[in-house]
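One-based numbering, in listed order, for ligands and for the atoms of each.
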Amino acid sequence: MTPAYVIVFIFLCAYVSAVSSQLQIQENGKISVRIGTTSGCSDAARFMAQIRSTYDRFKDFVNYEFVPWGRTRRDENGDLVCQFRAPDCWANRVHRCALHMLEGNADAQMNYMECEFSPPYPAFRQRSILCAHAAGLSVVEMDICIRTRVGDDLEGPAEELSREPIAVINFVPFIVFNNSTNRALHLQGYRRLESVICFALADNETTGITHCRI
Ligand SMILES: *[C@@H]1O[C@H](CO)[C@@H](O)[C@H](O)[C@H]1NC(C)=O
Ligand SMILES: *[C@@H]1O[C@H](CO)[C@@H](O)[C@H](O)[C@H]1NC(C)=O
Ligand SMILES: *[C@@H]1O[C@H](CO)[C@@H](O)[C@H](O)[C@H]1NC(C)=O
């Protein structure tokens, strides 16, 4: 094939796979939604309202996973460089610690992230762990996580989970459904998360969900 044909072929494949990759519930009957955030990001703060309303309506069917990392990269010494500088790095670290300590408690994680992305944006703007405290977490344990290896060890997984979405979607907040990065679905979800989830649920009658608005 000449290069021109190859390009047309690749384009067609990409087009067909984008159109046919309809979101469906997974075998466990749920949709997983991974959301990449960074603490200083106003788009992430604004998106929180959609996350909350979708959560309230469909929490039985949706597993949220927050990944506070965003566009963070490493300098030549391996130190983190964050999109909104040092306060962003510190607050993302706080977010990762708190989410880790709240693992298995979806309600608490949801409330916690909503707190961090609402005025006064405690960790990012005020360098405070007010939201963690409000979530009932121990101040001592939070402090240990923030200052020690415990917190360092949470970096690798967040970095790993963000790599592909940042390369492909190139936006914060990014949304990854069912552990599969898909830019078209991300865009739909960013515009109307609740509808995207609703239509996917309505597609399978076992969910009992029937009325979806676009
Ligand atoms: C999960 O969502 C992706 C789109 O991100 C889709 O391609 C895939 O088919 C879905 N998986 C299942 C099991 O429905
Ligand atoms: C509906 O979802 C269940 C899992 O909750 C699955 O076993 C079943 O195959 C799905 N049905 C269709 C038509 O996709
Ligand atoms: C998500 O997908 C990656 C590969 O893209 C895989 O390594 C990982 O195990 C998957 N995680 C889950 C929870 O399925």
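- Within the listing of ligand 2, atoms 1 (C), 2 (O) sit less than 4.0 angstrom from a heavy atom of T206.
- At a heavy-atom distance under 4.0 Å, only side-chain atoms of I25, from C-beta outward, approach ligand 2.
- By the 30° and 60° cut-offs, the orientation of the rings of Y64 relative to F66 is tilted.
- Checking atom 7 (O) of ligand 2 against the protein gives no heavy-atom contact under 4.0 Å.
- Protein heavy atom closest to atom 1 (C) of ligand 3, with residue, atom name and distance, is N179 ND2, 1.4 Å.
- Between Q26 and ligand 2, not a single N/O pair is under 3.5 Å apart.
- Which parts of ligand 2 touch G29 is read off a 4.0 Å heavy-atom cut-off, strictly below it: atoms 5 (O).
- Here the options are W69, F124, F117, the test is ring-ring contact (aromatic ring centres under 6.0 Å, His included), and the partner is H95; only F117 passes.
- Under the 4.0 angstrom criterion, atom 4 (C) of ligand 3 counts as lacking any protein heavy-atom contact.
- For the pair T207 (side chain) and L201 (backbone), a donor-acceptor distance under 3.5 Å is present.
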Exercise. I would like to know whether R73 and E159 meet salt bridge (charged side-chain N to carboxylate O under 4.0 Å, His left out); could you show each step before the answer?
Key: CA-CA 8 Å; R73 31 180 204 89; E159 182 173 23; over 6 Å; no
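- Between the side chain of R127 and the main chain of P122, no donor-acceptor pair closer than 3.5 Å is present.
- At a heavy-atom distance under 4.0 Å, only backbone atoms of E27 (N, CA, C or O) approach ligand 2.
- The nearest protein atom to atom 12 (C) of ligand 2, hydrogens excluded, is given as N204 ND2, 3.3 Å; this is a heavy-atom distance.
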Hey, can you pull the donor-acceptor pairs under 3.5 Å for the side chains in residues 32-41, sequence neighbours left out?
residue, atom, partner, partner atom, Å
S32, OG, N178, N, 3.2
R34, NE, E65, OE1, 2.8
R34, NH1, N179, OD1, 3.1
R34, NH2, E65, OE1, 3.3
R34, NH2, N179, OD1, 3.2
T38, OG1, D88, OD1, 3.2
T38, OG1, D88, OD2, 2.9
T38, OG1, N92, ND2, 2.8
S39, OG, D88, O, 3.4
S39, OG, D88, OD1, 2.7

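- Clustering ILVMFWY residues whenever any of their side-chain heavy atoms sit less than 4.5 angstrom apart, transitively, puts L102 in a cluster other than the one holding L161.
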